[in-house]
There are 2 protein chains.
Amino acid sequence: MVVVPGGERTVVSQLRRGVLQFCVLAQLRDGEKYAYELVRELGAAHGLATSEGTIYPLLSRLRKLEWVSSSWQDSETGPPRRYYALTPAGREALQSFTAEWEPFRTAVDTLLEHKENHR
Amino acid sequence: MVVVPGGERTVVSQLRRGVLQFCVLAQLRDGEKYAYELVRELGAAHGLATSEGTIYPLLSRLRKLEWVSSSWQDSETGPPRRYYALTPAGREALQSFTAEWEPFRTAVDTLLEHKENHR
DNA sequence: AACTACTACCATGCGACGCAAGATACCTTG
DNA sequence: CAAGGTATCTTGCGTCGCATGGTAGTAGTT
């Protein structure tokens, strides 16, 4: 099988850059979740589907930033799970991202819109 | 002076990843432009401001992909300019990006929206 | 017990891209 | 001539999403 190192180089995978971590924070907004669960949920959102090779390093970064905290809990149906929860700092980060995302998205939308303003 | 190599590591600079090249294509949609001009125009759009160290490698990639063509033209007020124009392939790429961007943006927006659906 | 499969955790290595910094050269103004 | 704006381009670097592969617990089957 042909293997392409360096990850999938699609347009959408580039779009996820920088956005994904805040999507995860948003996922944790309403309660703690574990990594596998986050991956499954993102898989349902169009354009946000990712894999464990992405999510674990990402969560490790978020822990280091202290935007999330984590706690181990046993599962009755499988191996133990590490649950992640938003910290106050994480909540702030999410809020400030949202404030940056909106004008950015609008700027891109505006540029992409085809305007027929010829004279 | 303290120098931080690796570029500015802000949230927005990560957001520009993968988007910028298509913004440039969009800028060229209505006629040819030169690099310096593109940088100035992007500087006006919130969140899309970039620098020459970004734009020249980017344009070089677009040339290699044959999404743009270029031609030198003398300026009456300064050094000669390299003008860039969209190729048919570039126009297609822009269109297909737009088709990917819209659901992506919507997915992020949906996640970021705070929904008060408790019970 | 051995096996398969699913769940769930994690680490390694890599390529792509946006950026800072700096180099070169043209033109105009003082 | 020096200074400043215009306009081109190169080099080196850090970040992050991904493919790949490894470990271990639980459950069902043979």
Side-chain angles (χ1 to χ4, degrees), chain A residues 1-24 33-43 47-65 70-84 104, chain B residues 1-24 33-43 47-65 70-84 104:
Chain A
M1 211 222 305
V2 180
V3 173
V4 183
E8 212 193 341
R9 272 157 306 186
T10 64
V11 169
V12 266
S13 91
Q14 289 300 313
L15 287 182
R16 285 190 272 276
R17 279 233 169 203
V19 178
L20 212 49
Q21 54 183 320
F22 296 102
C23 291
V24 167
K33 287 175 181 156
Y34 59 100
Y36 215 68
E37 193 179 3
L38 293 167
V39 171
R40 266 201 313 259
E41 280 190 18
L42 287 172
L48 294 177
T50 190
S51 68
E52 305 158 33
T54 297
I55 215 74
Y56 284 103
L58 191 158
L59 286 167
S60 169
R61 271 178 269 137
L62 294 182
R63 272 204 318 269
K64 210 164 289 176
L65 286 167
S70 74
S71 65
W72 286 96
Q73 285 170 230
D74 283 345
S75 161
E76 292 172 1
T77 63
R81 301 165 173 167
R82 167 119 83 161
Y83 279 87
Y84 295 88
F104 172 81
Chain B
M1 213 223 307
V2 179
V3 173
V4 182
E8 211 193 343
R9 271 156 307 186
T10 63
V11 169
V12 265
S13 93
Q14 290 300 313
L15 287 182
R16 284 189 273 276
R17 279 231 168 206
V19 177
L20 213 47
Q21 53 184 321
F22 296 102
C23 291
V24 167
K33 288 177 181 153
Y34 58 100
Y36 216 68
E37 194 179 1
L38 293 166
V39 171
R40 266 202 314 260
E41 279 189 20
L42 287 171
L48 295 178
T50 189
S51 69
E52 304 154 35
T54 297
I55 215 74
Y56 284 103
L58 190 158
L59 286 167
S60 169
R61 270 179 270 137
L62 294 183
R63 271 203 317 270
K64 209 163 291 176
L65 286 167
S70 74
S71 65
W72 286 96
Q73 284 169 232
D74 283 346
S75 162
E76 293 171 359
T77 64
R81 299 164 174 167
R82 167 118 84 161
Y83 279 86
Y84 295 88
F104 173 81

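Sequence lines set the chain letters: A, B, ... in the order given, protein chains first and strands last, and positions in each chain run from 1.
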Q | Phosphate OP1/OP2 of D:dT15 contacted by A:Arg61 side-chain N/O (<4.0 Å) | A | no
Q: Starting at atom CD of A:Gln14, determine the distance to atom P of C:dA16, rounded to an integer number of angstrom.
A: 9 Å
Q) Taking all non-hydrogen atoms of both residues, which atom of A:Leu15 and which atom of B:Phe104 are closest, and how far apart? A) O-CZ, 3.4 Å
Q: For nucleotides 6-11 of chain D, just jot down a letter per nucleotide in 5' to 3' order: B, S or -, based on protein non-hydrogen atoms under 4.0 Å.
A: BBBBB-
Q. Of A:Val19 and A:Glu76, whose nearest nucleotide on DNA chain D comes first from the 5' end?
A. A:Val19
Q. Quick one: ring-ring contact (aromatic ring centres under 6.0 Å, His included) partners of B:Tyr34, sequence neighbours excluded?
A. B:Tyr83
Q: Find the distance A:Asp74:CG to C:dC9:P and express it as a whole number of Å.
A: 12 Å
(Q) Distance check needed: D:dT26 P versus A:Gln73 CD, whole Å only. (A) 16 Å
Q | Results of ring-ring contact (aromatic ring centres under 6.0 Å, His included) for A:Phe22 - residues two or more places apart only | A | A:Trp67, A:Phe97
Q) For A:Arg9 and C:dA16, is the shortest distance between a side-chain N/O and OP1 or OP2 below 4.0 Å? A) yes
(Q) Without decimals, in angstroms, what is the distance between A:Leu58 CG and C:dC9 C1'? (A) 16 Å
Q | Nearest-Å distance for atom pair CD1/C1', residues A:Ile55 and C:dT7 | A | 16 Å
Q) Roughly, in whole Å, what's the span from CG in A:Leu15 to C1' in D:dG17? A) 12 Å
**Q.** Residues that B:Glu41 engages under salt bridge (Lys or Arg N to Asp or Glu O under 4.0 Å), provided they are two or more places apart
**A.** B:Lys33
**Q.** Partners passing side-chain contact (heavy atoms from CB on, under 4.5 Å) against B:Pro80 (at least two apart in sequence or in another chain)
**A.** B:Trp72, B:Asp74
For residues 50-62 of chain A, which side-chain N or O atoms pair as donor and acceptor with protein atoms under 3.5 Å away, sequence neighbours left out?
residue: A:Thr50; atom: OG1; partner: A:Thr54; partner atom: OG1; Å: 3.3

